[in-house]
Amino acid sequence: MAVENASRKWTRFERGRGLVSAAVGLAGASLLAVAPSHAQDRAQDRAQDRAQVRAQDQAQVLAQVLGPPGFPPEQGPAQRAPPPAAPIKTWAPLKAPLPGRAPKSTGGLVVAANDAAPAVATTGDPLKDAIVGLLSDPMSVSLPVRQRLDELKRYYVEPTSKVLWQDDALKSQFLQRLENAAADGLSDRSNAIEQLDRLQRVNRFALSRAAHLMQAARLELYWSAMFLKYAREVKVGRILPTKIDTKLYWQKKEIDQVAALQLIGTLGGVDAFFDAWEPQIPTYKALRKALGEYLRIEQEGGWRSVKANAGDLLKPQMESDVVPQLRARLAVTDGARAEAARGEETVFGDDLVAALKRFQRRHGLVDDGVVGKNTHFQLNIPVASRIRQIVLSMERLRWMPENLGQDYVLVNIAGYELRRITGGRQTELMRVVVGKPYHQTPVFSDKMTYVEINPYWNVPNSIAVNEELPKLKKSAAARAAKGFEAVVGDRAVPLTAINWSQYSKGNFPVRLRQKPGPGNALGRVKFMFPNRFNVYMHDTPARSLFSRSARAFSHGCIRLARPIEMAEKVLAGVPGWDRKRIDAVLEKGERTVVSLPSPIFVHITYSTAWRDEEGDVQFRPDIYRRDAKLYAALFGKPYPY
């Protein structure tokens, strides 16, 4: 109140000073010319007074939004020297643009030279009228608002739309969500929190109702813009997948921002909104829960490192001074007892062996209960690195389609495994072989439309010229014995009928294919979901590879450990196709194509962290270095581990 009284007194002082100055000016002018009438003089003074008050109103609104130049945000005008008598000018960050140029954004709210909103059709709500008026003049709003201008217009012009951010409880909930952004797997939001907190302060020095109204309108739009930015990151991620690798990702996902505003208006709570809004993929929600658990572990100090045992290996029932360290480490994540029985503190006993085996399974290691080189390395990866794996895996899950389907196949490249989901439940878990690091399996989603039994292998040109041509030059008969043949047009040609020595990569004349049979590279069956990468799932004669813990051996396609069982399940929905008929066709050896009346979704992903059906958090090495690429793209620095 004292500040307002001081401000009013200063305004009256300025008005009086203006009248005195005008009187002195008139007295001097009367010696040289005829003075204007007294009524005209008073009218001019009143107009100047009104202009000055308007300028002060605008300046005080600006001080509320961005803080006066040279003063911290919390310092009010009452602590400054009295304003000059000259008309107040806009501060440097908001200088009027040159003709034809847009003003630079300050990152905060832009205050127009005239705080009156453009004329718009009224809604009956003065605040909504002010909001819609601002949206009709893009240069009067901040950059975050301009970036979402069309969506904000579509929302706020709707008669039934709600003004959202006049609700202090809702604003408080959103600020709390931003403070806990780490729980969503997103980066720190302290700058955004500081700015939102600063902008929501009430302008106690505004002298007009219109100024308060326009301030409220700008705040409403700015809060909505920041809310939509965060909602987008939660839903579809912070970066486009194609920015990471244009060759390995190709699907784009968008959100309905108007629907986001409508949903929070309907639900009325930030947490309720994000529970419904975040990706509804079960693996995402499970991984978000795991992130919370690992963040708590980090807050409690993480886990201690484990020294290497003398002689490298620590086997069951051995005694070692490393055992207490191992017990402390496994007690944090794998259920080991924190305290050993008296007298057995240094014995690698059965309970600790069981906990170690669980740890090994969670990290894709052979669960032999022995602390060897690989197990020791995984034990000593710090909790911060595990949190990074979870966060990056959550980011990739946001790229996936919102609806995976009731029945689908999910392949995790980094985990070397396939899950088949039927009716929303996992019905099969299978080992797979994926592409080598230099023949990487891509990430995408598509639909399986047919199954091919006793398939031909149409050799990709890159494999034909780089791998098969040298073998053909050495012995075409040997390759023919493996079932290979040349194809010219639609006609099969024996390999021995061609002089391969006269051909090279640049003039390779034919297509190569391998006939159905026990030695066929695709095995006995393949599952087709046509895509631009020419990637599919298939059988393989190289069965021994499935016993290995790391299984990146293919040219990019996905080899299945149990392909015939998979064919039986996939063809169960096709009339007349049961296991007996499948076996009969396999026995006959003829190529047979079976179309699926209801296509099945296939989702190929890359996650180095996930939570399995038993609730265990699984971690795997970054075999393709995609975590490192994504981390660099998100944070602009090399992956720390």
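Any value given below was found using the heavy atoms of this structure, including those in side chains, with hydrogens, waters and symmetry copies removed.
A salt bridge (Lys or Arg N to Asp or Glu O under 4.0 Å) check over residues 282-294, counting only residues at least two apart or in different chains, returns the pairs Asp184-Arg288, Glu278-Lys285, Glu278-Arg288, Glu293-Arg611.
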Report the C-alpha separation of Arg396 and Ser393 in whole Å, then their side-chain angles, then the decisive distance to 0.1 Å, and conclude whether the side chain to side chain donor-acceptor pair (under 3.5 Å) test is met.
-> CA-CA 5 Å; Arg396 289 195 185 89; Ser393 294; 4.7 Å; no
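Applying the side-chain hydrogen bond (donor to acceptor under 3.5 Å, both in side chains) test to Ser607 and every residue at least two apart in sequence or in another chain returns nothing. Under the salt bridge (Lys or Arg N to Asp or Glu O under 4.0 Å) criterion, Arg419 pairs with Glu417, Glu613, not counting sequence neighbours. In this view, Glu179 satisfies the salt bridge (Lys or Arg N to Asp or Glu O under 4.0 Å) rule with no residue, not counting sequence neighbours. Considering only residues two or more places apart in sequence or on other chains, Asp256 meets the salt bridge (Lys or Arg N to Asp or Glu O under 4.0 Å) condition with none of them. Phe619 pairs by the ring-ring contact (aromatic ring centres under 6.0 Å, His included) definition with Tyr294, His363, not counting sequence neighbours. Listed by chain and number, the residues in a side-chain hydrogen bond (donor to acceptor under 3.5 Å, both in side chains) with Glu220 are Tyr156, Gln166 (sequence neighbours excluded). Taking Asp167 as the reference, nothing meets the salt bridge (Lys or Arg N to Asp or Glu O under 4.0 Å) condition, with sequence neighbours excluded. Take His376 and apply the ring-ring contact (aromatic ring centres under 6.0 Å, His included) test, not counting sequence neighbours, and it matches no residue. Listed by chain and number, the residues in a ring-ring contact (aromatic ring centres under 6.0 Å, His included) with Tyr606 are Tyr624 (sequence neighbours excluded). Under the rule for a side-chain hydrogen bond (donor to acceptor under 3.5 Å, both in side chains), Arg148 has no partner lying at least two apart in sequence or in another chain. By the side-chain hydrogen bond (donor to acceptor under 3.5 Å, both in side chains) test, Asp334 is found to be paired with Arg362, residues two or more places apart in sequence or in another chain being considered.
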